[in-house]
Amino acid sequence: MGTPERDGPLERLICPGALLLGVAASFLGCCAAGAWYTRHNVYESFDRFHPWIAPEALHYPSAGQVLALARARLDRGKVAVIVGGNSVLHGVGQRSELLWSKALQAQLGDDYRVLNLAMRGAFPVEFGGVAAEALSGEYPKMVYVTLTGLAVGGPPDGYFYHYLYWDAWGRGLLRESPEREEGLRTYPLVTQRGPEKMGELARQGRLNAYLYFNDLWNAVAYTRLSTVWHPGAGTHLFRPRKRYADPDAGPPPLAARYPPFLEAVEAVRMRGWIERGPGLIRGYALPAGAPDVLDPARSPMCRELWAAFPGPFRARTLLLIPHDSPHYVRQLTPAEQEAYRELALRQVRILEKAGFAALEVGYGYTEEDYADRAHFSESGGLKLAGEVAAKVRQLAGELGYAEGGTVP
Amino acid sequence: MKLLRWVASFLLGCAVGVVLHYALYRMSLPVEPFIYMAF
């Protein structure tokens with residue numbers, strides 16, 4: 001084996017020490033820039049994480065950025081109302097300027113600060129719940145508003161947006177919770193990811209906590225230059241995400257909201273829920289003649305929600321149980337309609353027994369108040385805001401947020 | 001000439017460092033299409 005050749009073309013051009021110094025300096029500089037972005041909000045004119053600034057368009061706001069946004073919008077002296085949940089609370093079917101969470105802010109008044117962190121397709125604790133938990137130390141007066149239904153609690157770290165949970169976990173922003181640990185070991189949607197994927201999520205969270213790569217490049221994508229192309233961007237290869245407007249055009253005309261081909265499908269779905277719902281909520285088959293007792297400890301929905309929400313956060317969590325559009329509900333017989341409503345009320349009762357605040361919403365709305373089967377239109381959003389505002393005020397009073405005299 | 005070589009090496013190193021940091025970000029992005037793309 002010969003000795004390595006000295007003064008080859010590369011050695012003549014490159015000074016190794018300077019090269020390594022450059023690598024280290026710029027890498028550390030990027031980390032520092034990313035750290036700076038976790039302390040400064042980049043989402044300036046924010047109403048909600050519309051699809052262009054959400055994972056649907058390959059934009060993954062980091063935990064640090066979501067918290068920076070929340071800190072810019074919330075006020076420690078006021079009640080922080082964080083809205084989580086799925087597309088219903090995100091406000092799909094509502095234009096940004098007529099968003100229900102803006103109406104909620106208007107109805108609650110200046111003693112409250114509302115922030116809509118709901119994401120399309122999210123489970124109750126997902127995304128918004130992670131932010132609410134991470135911020136709970138800084139904002140002791142907090143109400144987290146989310147949504148469930150169909151007796152679903154969801155995985156403790158979420159599903160489509162579980163990256164945010166692990167990002168926050170990597171930074172040590174979440175509390176220890178044995179119930180959550182158990183849920184992460186047993187919930188089917190979590191276990192089916194497999195140990196390799198779980199390990200990868202944890203490593204990624206830890207690595208980003210030290211190196212801030214998601215924080216930096218997300219911020220660059222939003223403010224300066226998007227380096228991740230999405231089919232919807234077409235020929236705008238590098239357009240920064242802040243230049244995209246919220247694309248929700250509001251509810252379609254009434255004639256287009258309820259396609260005839262869905263009538264039979266929805267009727268079957270609702271009748272299936274009426275048939276199976278009591279058992280799903282209860283968590284066990286009722287023996288003949290036995291009293292129909294709601295026991296949260298036997299309810300999969302309640303156990304999943306206990307795993308998702310550590311004990312101290314349950315009482316300040318308001319779970320909404322939404323009704324489907326009356327366009328479909330009125331296809332049911334009067335007895336079925338009564339049974340359908342009772343299922344919503346049963347979910348409210350068992351959730352309250354489980355230590356959560358709960359409220360059915362959408363009952364008595366018109367078909368114009370819905371943009372489709374599940375999503376509220378702008379008029380429905382106004383009604384929703386009214387119902388939620390009254391409950392949030394009541395909850396704030398029960399939680400003692402009124403002490404100090406600023407909150408009714 | 002030596003200074004120029006040092007500066008050029010340092011700037012090249014800077015570019016490599018930025019690319020490394022950016023590569024970590026790209027590696028963290030999921031490869032599967034997202035929710036409404038998939039459905």
Side-chain angles (χ1 to χ4, degrees), chain A residues 10-31 33-34 51 54-60 62 86-87 92 119-122 159-163 166-167 197 200-201 203-205 207-208 211-218 220-221 227-228 230-232, chain B:
Chain A
L10 199 61
E11 282 78 4
R12 281 200 299 277
L13 285 171
I14 301 294
C15 176
L19 182 84
L20 289 174
L21 188 65
V23 171
S26 67
F27 191 86
L28 291 175
C30 286
C31 296
E56 287 162 273
L58 301 175
H59 184 82
Y60 289 74
S62 70
N86 63 14
S87 54
V92 165
M119 284 290 207
R120 293 141 75 108
Y159 185 66
F160 292 117
Y161 308 92
H162 57 246
Y163 83 93
W166 291 102
D167 196 17
K197 178 67 180 173
E200 183 186 310
L201 284 166
R203 280 194 300 277
Q204 187 180 320
L207 203 58
N208 189 52
L211 303 180
Y212 300 97
F213 44 88
N214 285 334
D215 302 282
L216 173 62
W217 297 105
N218 268 326
V220 169
T227 58
V228 182
H230 181 269
Chain B
M1 188 64 189
K2 197 174 176 182
L3 179 66
L4 188 66
R5 185 172 157 249
W6 194 95
V7 170
S9 301
F10 180 78
L11 291 177
L12 180 63
C14 286
V16 171
V18 171
V19 168
L20 283 176
H21 198 262
Y22 179 72
L24 286 172
Y25 161 69
R26 288 307 294 251
M27 284 160 64
S28 75
L29 294 178
V31 289
E32 306 93 8
F34 191 73
I35 170 172
Y36 298 131
M37 295 289 290
F39 281 85

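Residue numbers begin at 1 in each chain, while the letters A, B, ... track the order of the sequences.
When each of B:Ala23, B:Pro30, B:Ala8 is checked for heavy-atom pairs under 4.5 Å with chain A, B:Pro30 comes out on top. Considering only heavy-atom pairs separated by less than 4.5 Å from chain A, the leading option among B:Val19, B:Val7, B:Val18, B:Val16 is B:Val18. Of the residues considered (A:Trp217, A:Tyr159, A:Phe27), A:Trp217 shows the highest number of contacts with chain B, using heavy-atom pairs under 4.5 Å. Contact count versus chain B (heavy atoms, under 4.5 Å) is highest, among A:Leu21, A:Asn214, A:Leu19, A:Leu207, for A:Leu19.
Only the side chain of B:Leu29 comes within contact range of chain A, with heavy atoms under 4.5 Å apart. For chain B, the nearby part of A:Leu13 is the backbone; its heavy atoms alone come within less than 4.5 Å. Looking at A:Val220, neither its backbone nor its side chain comes within 4.5 Å of chain B, counting heavy atoms on both sides. Residue contact with chain B, scored on non-hydrogen atoms closer than 4.5 Å, involves the backbone of A:Tyr212 exclusively. Proximity to chain B is limited to the side chain of A:Leu216, based on heavy atoms less than 4.5 angstrom apart. With a threshold of 4.5 angstrom between heavy atoms, A:Leu28 does not approach chain B through any atom at all.
Nearest heavy-atom pair, B:Arg26 versus A:Val228, reported as atom, atom and distance to 0.1 Å: NH1-CG2, 3.9 Å. Counting all heavy atoms, side chain and backbone alike, A:Ser26 lies closest to B:Gly13 at OG-O, 3.7 Å.
To the nearest 0.5 Å, atoms SG (A:Cys15) and CG (B:Leu12) are separated by 11.5 Å.
Between B:Tyr22 and A:Thr227, the side chains place a donor N or O and an acceptor N or O closer than 3.5 Å (distance only, hydrogens not considered). There is no side-chain donor-acceptor pair under 3.5 Å between B:Ser28 and A:Asn208.
Applying the side-chain hydrogen bond (donor to acceptor under 3.5 Å, both in side chains) test to residues at least two apart or on different chains, none of the pairs has a partner in residues 2-18 of chain B.
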